[in-house]
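What's counted below: heavy atoms across the whole structure, side chains too, no hydrogens, waters or symmetry copies.
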Amino acid sequence: MLDNVKVEILKKIATQGYTTVTDVVKDLGITWGAAQWHLFWLENNGYVKSVKINNTTIYIINCPNLIRKLDAVEKALAKTETKGTRHTA
């Protein structure tokens with residue numbers, strides 16, 4: 001399931017054109033292992049694909065209409081977060 005980290009990674013790739021594990025670690029402030037896991041999940045689920053250039057693996061979008069899908073996912077995540085937040089008096 002897409003979560004906030006995966007959505008942020010997809011947005012990064014959509015705006016930048018590609019990303020690397022190192023970029024994800026730096027920009028999102030997550031561990032190397034977490035960045036690899038999220039990118040692995042995104043690739044296995046068809047959202048991105050990896051391309052090896054020299055000794056660097058880059059990740060590019062592999063999903064048509066990504067921006068439209070990201071908007072829908074963000075709205076669904078926002079609704080879930082709103083429903084999960086309860087205020088007690």
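Of all the heavy atoms in Val24 and Lys12, the pair that sits closest is N-CE, 4.3 Å. Here the closest heavy-atom approach between residue Val25 and residue Ala35 is recorded as CG2-CB, 3.8 Å.
Although no hydrogens or angles enter the test, the distance criterion places a donor-acceptor pair under 3.5 Å between the side chain of Glu43 and the main chain of Ser50. A donor-acceptor contact shorter than 3.5 Å is absent between the side chain of Asn54 and the backbone of Thr56.
A continuous path of ILVMFWY side-chain contacts below 4.5 Å connects Ile61 to Val21, so both sit in one hydrophobic cluster. Both Ile13 and Trp32 are members of a single hydrophobic cluster when ILVMFWY side chains are connected at heavy-atom separations under 4.5 Å. By the rule that hydrophobic residues join a cluster once side-chain heavy atoms approach within less than 4.5 Å of another member, Ile9 and Val51 end up as members of separate clusters. Note on Tyr59 and Val7: same hydrophobic cluster, where clusters join Ile, Leu, Val, Met, Phe, Trp and Tyr whose side-chain heavy atoms are under 4.5 Å apart, directly or indirectly. Grouping the Ile, Leu, Val, Met, Phe, Trp and Tyr side chains by contacts below 4.5 angstrom, directly or via other members, places Leu39 with Ile30.
Atom CG of Leu42 is separated from atom NZ of Lys49 by 15.0 Å, given to the nearest 0.5 angstrom. In this structure, OG1 in Thr20 is found 11.0 Å from CD1 in Ile53, a value given to the nearest 0.5 Å. For the atom pair OG1 (Thr31) and CD (Gln36), the distance works out to 9.0 Å, reported to the nearest 0.5 Å. Residue Lys11 holds its NZ atom at 13.0 Å from CG of Asp27, rounded to the nearest 0.5 Å.
Contact of the Ile58 side chain with the Lys52 side chain is not registered, since no non-hydrogen atoms from C-beta on lie closer than 4.5 Å. Counting heavy atoms from C-beta outward, Leu10 and Tyr47 have side chains that approach closer than 4.5 Å. The side-chain heavy atoms of Asp23 and Gln16, taken from C-beta on, include a pair separated by under 4.5 Å. Contact annotation: the side chain of Val48 never approaches that of Ile60 to less than 4.5 Å [non-hydrogen atoms, C-beta and beyond].
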